[in-house]
Amino acid sequence: MKKKLIILFLGCTILGYTQKKNTKNAVKIKPKSEFVAELMSKMTLDEKLGQLNLPTSGDITTGQANSSNVAKNIAEGKVGGLFNIKSVQKIKEVQKIAVEKSRLKIPLLFGMDVIHGYETTFPIPLGLSCTWDMKLIERSAQIAAQEASADGINWTFSPMVDISRDPRWGRISEGSGEDPYLGSQIAKAMVNGYQQHDLSKNNSILACVKHFALYGAPEAGRDYNTVDMSHIRMFNDYFPPYKAAVDAGVGSVMASFNEIDGIPATGNKWLMTDVLRKQWGFKGFVVTDFTGIPEMIEHGMGDLQTVSALSLNAGVEMDMVGEGFLGTLKKSLDEKKVTIQQIDNAVKLILEAKYDLGLFHDPYKYCDPKRAKTEIFTTASRKEAREISAQSLVLLKNQHQVLPLKKSGTIALIGPLADARNNMSGTWSVATVGEKCISLLQGIQDVAGKAVKVLYAKGSNLDYDETFETNATMFGKTLNRDARPKEQLIAEALKVAEQSDVIVAALGESAEMSGESSSRTNLEIPQAQKDLLNALLKTGKPVVLVLFDGRPLVLNDESATVPAILNVWFAGSEAGHAIADVLFGDVNPSGKLTTTFPRSVGQVPIYYAHKNTGRPLSNTEGKFEKFRSNYIDERNEPLFPFGFGLSYTTFDYSNLKISADKMNSTGKLKVTVEVTNTGNFDGKETVQLYIRDLVGSVTRPVRELKGFQKIELKKGEKQAVSFDITVEDLKFYNSDLQFVAEPGQFEIFVGGNSAADKKVSFELTK
């Protein structure tokens, strides 16, 4: 034993640090550049290539780490990090192999898809974005980092900041919607929440912005599909959130699966080197997505050796699962298809990230079992999750003030999503314990109080098609399909409805109907549920539709017939409580849509910041006009516009003013509007400011979000809200991809959504 400790000590001091058995007191080591350079001087080519290899954890289980295949590679210095391994005990076992059995004792990165929380799960990112509250969004990421780091994780593959304007694409649920300005603010908030401006903290983790780039715009809305767009659209509409994350200091970037200008992103040098590093100054490392390198073979870019060299030459540093770097770069180096300088640069960036995380100071920094017992899924974190989730819900309709519900009488809770706790977390919630989530049934029972009688019936399956339901309820998120005939299920629901004062219908998508590889061509609620809803409406009882979804849906029928619609997305661990808080008015809904809801799937892609045509409609009623840009069978405008969301109270906008009608390039204008709570409840309102550039050297959108403020007003209270406008708010990328503001006339719109009609104008002078 003594001999082993001496050998370990000598090995550690080669790297310039000693790892004591008690890891509470980390040892001081050399400055980063000097430390990394010295370490790299001792590395063999195989050990360097090992740092570029990111396999999944495979067959590692607690107590068997030493005998696993992955462990063998770690001991041989062939692994730079692992992902999909969870818990302090497992991670410490594996890290021990790296720092005690490999020649140079280099610690591993441990990554996981911590997307919208860890065990304490927050709303899916699309829902979270509807809070329009950057402090809450940052806080959700901070809690996620706290919990993940307490369980051994030091790297998250989040935030996903892909702009998407096509709700057919399933992964729209993982992003922040359609708008580059709002998406940029959220990207910064998420990065700051995870990294906390200091990766040396034991409760901060390395963020990874994804998917770079344009992943949210696949042809036909089909996941992994081709993306083809102009550079001017890339820079103006799709790139800003990625750049915002880079500007916020994100430590890593993940390449997207799609091609850009005919070259897959994973092998695209213009994207990874010219844009990301040279133009934006990114200093961290780039990792592929799962098997991103070998997938370029199917794209038609060559064999594994060719695409691996293509990826390294493009500026990618880490190979997730593909093992193309590990298996082929040595040969490519011999054949002069890559250079040792490129390999060294990649290794340097990964080692620097490990240094910044403090892993060379203390490889077991994230392996404190006390933290794992006291900082995960705590009462305090669940309380915050409940509060944040309630802010994400969007009230789409509330005819005759059906909501809020009274805490008396009898409520019929009906629908396949009513008692489905394992679906509340939504897609990409890999650390969530589904049985600990709060279902809507439980939430209503807990919040309503003893004076309310709650009756429940399932009413229908998710869909009539059993195969479809199986595909939409993967990963343990079953809805326990009922084999009884549909008539019997509906009859049971109607019997419950007859005994009630109000019906709450919990309908929509299951958790895995959106997310990765869950694209849809039909954006309506499944027919089985529509039939149930129509039967409930025929009872004459007031109906509240609690709509679960991971994307904008087509709701023409529902918006025409259902008195009240509350869009609840998938609100996380505390979903049931948060939804009940809003249903009963303990929380006044304040969520605002961050995606446009279409009238028809035929309108897709649809978004508010569209360009005008030379032949726009001349009427505002949506009437068809021949030889104008419109449809024969549908109106142009959406069902619910970007930024839309109702409250139990009402808000009036008045007295919109601008400080001057002209501004030069160094000036500043102040825009002020008065907002009054004219209803009967205290409430929150997100005041939104949009700008239109009336004349440009290239065509400009009809309006663009450039500012927003979420305010809280008491019943009857009035508040003046002001925005400062500078030349930076007017800049865009022109046809030469220069970021400019052009002199001319501008219009400013302020209101509660993107259809705001209150307007002031000004001129930007030279």
Side-chain (K407) to main-chain (A448) donor-acceptor, under 3.5 angstrom: no

Reported CD1-to-CD1 distance for the pair I388 and I143, which is rounded to 0.5 angstrom: 5.5 Å

Ion pair check, R171 and E174, cut-off under 4.0 Å: yes

Closest contact, heavy atoms only, L393 versus A578: CD1-O, 3.9 Å

Whether S519 side chain and G221 backbone form a donor-acceptor pair below 3.5 Å: yes

Short side-chain donor-acceptor distance under 3.5 Å, N677 and T649: yes

Interatomic spacing from NZ in K436 to OG in S425 - rounded to 0.5 Å: 13.0 Å

D166 (side chain) donor-acceptor with P605 (main chain) under 3.5 angstrom: no

Flag, side chain of K710 to backbone of E685, donor-acceptor distance under 3.5 Å: no

Whether N398 side chain and P563 backbone form a donor-acceptor pair below 3.5 Å: no

K458 with D419: basic N within carboxylate O range, under 4.0 Å: no

Contact check, side chains of I153 and Y118, non-hydrogen atoms, under 4.5 Å: yes

Minimum-distance pair of heavy atoms, taken over all atoms of P526 and G508: CD-O, 3.9 Å

Considering all heavy atoms, the nearest V402-A564 contact: CB-CB, 4.2 Å

Pair T432-T121, side-chain donor/acceptor within less than 3.5 Å: yes

Residues N588 and S647: side-chain donor-acceptor under 3.5 angstrom: yes

Non-hydrogen atoms of S164 and G216 that approach each other most closely: OG-O, 3.3 Å

Residues T596 and E178: side-chain donor-acceptor under 3.5 angstrom: yes

Inter-residue atom distance D682.CG - E717.CD, 0.5 Å rounding: 8.5 Å

Test item: R481 side-chain N/O and L462 main-chain N/O as donor-acceptor pair under 3.5 Å: no

D223 and Y215: side chain donor to acceptor below 3.5 Å: yes

Ionic contact status for K188 with E138, cut-off 4.0 Å: no

With W132, the ring-ring contact (aromatic ring centres under 6.0 Å, His included) member among F644, Y181, F642: F642

Flag for Q445-Y456: side-chain donor and acceptor within less than 3.5 Å: no

Polar side chain donor-acceptor pair, Y607 to D179, under 3.5 angstrom: no

Side-chain donor or acceptor of H116 paired with backbone N/O of F122 under 3.5 Å: yes

Check: T539 and L494 side chains under 4.5 Å, non-hydrogen atoms: yes

Pairing of D133 and K135 as salt bridge, 4.0 angstrom limit: no

Electrostatic pair D549-R551, nearest N-O below 4.0 angstrom: no

Neighbour count >12 (heavy atoms, 6.0 Å) for atom CD, E435: no

Donor-acceptor pair, side chain of T676 and main chain of K718, under 3.5 angstrom: no

Side chain to side chain, I124 and S173, heavy atoms closer than 4.5 Å: yes

No-hydrogen, no-angle side-chain donor-acceptor test under 3.5 Å, S754 and Y690: no

Donor-acceptor pair between Y608 and E637 side chains, under 3.5 angstrom: no

Atom CZ of R222 with >12 non-hydrogen neighbours under 6.0 angstrom: no

Inter-residue atom distance T427.OG1 - L126.CG, 0.5 Å rounding: 12.0 Å

Salt bridge (charged side-chain N to carboxylate O under 4.0 Å, His left out) between D581 and R386, worked out: CA-CA 9 Å; D581 287 340; R386 179 173 178 170; 2.8 Å; yes

Pair E384 + R139, salt bridge at N-O below 4.0 Å: yes

NZ or CZ of K210 within 45° of F157 ring axis and under 6.0 Å: no

Non-hydrogen side-chain atoms of L507 and P416 separated by less than 4.5 Å: yes

Rounded distance [0.5 Å steps], NZ in K592 versus OG in S590: 9.0 Å

Heavy-atom donor-acceptor pair, N423 side chain to S510 backbone, under 3.5 Å: no

Gap separating the CD atom of E469 from the OG1 atom of T467, nearest 0.5 angstrom: 10.0 Å

Sub-4.5 Å side-chain heavy-atom contact between E558 and L545: yes

Salt-bridge criterion met for E509 and R520 (N-O under 4.0 Å): yes

Distance-only donor-acceptor check, side chains S381 and T120, under 3.5 Å: no

N/O donor-acceptor pair under 3.5 Å between D465 side chain and F468 backbone: yes

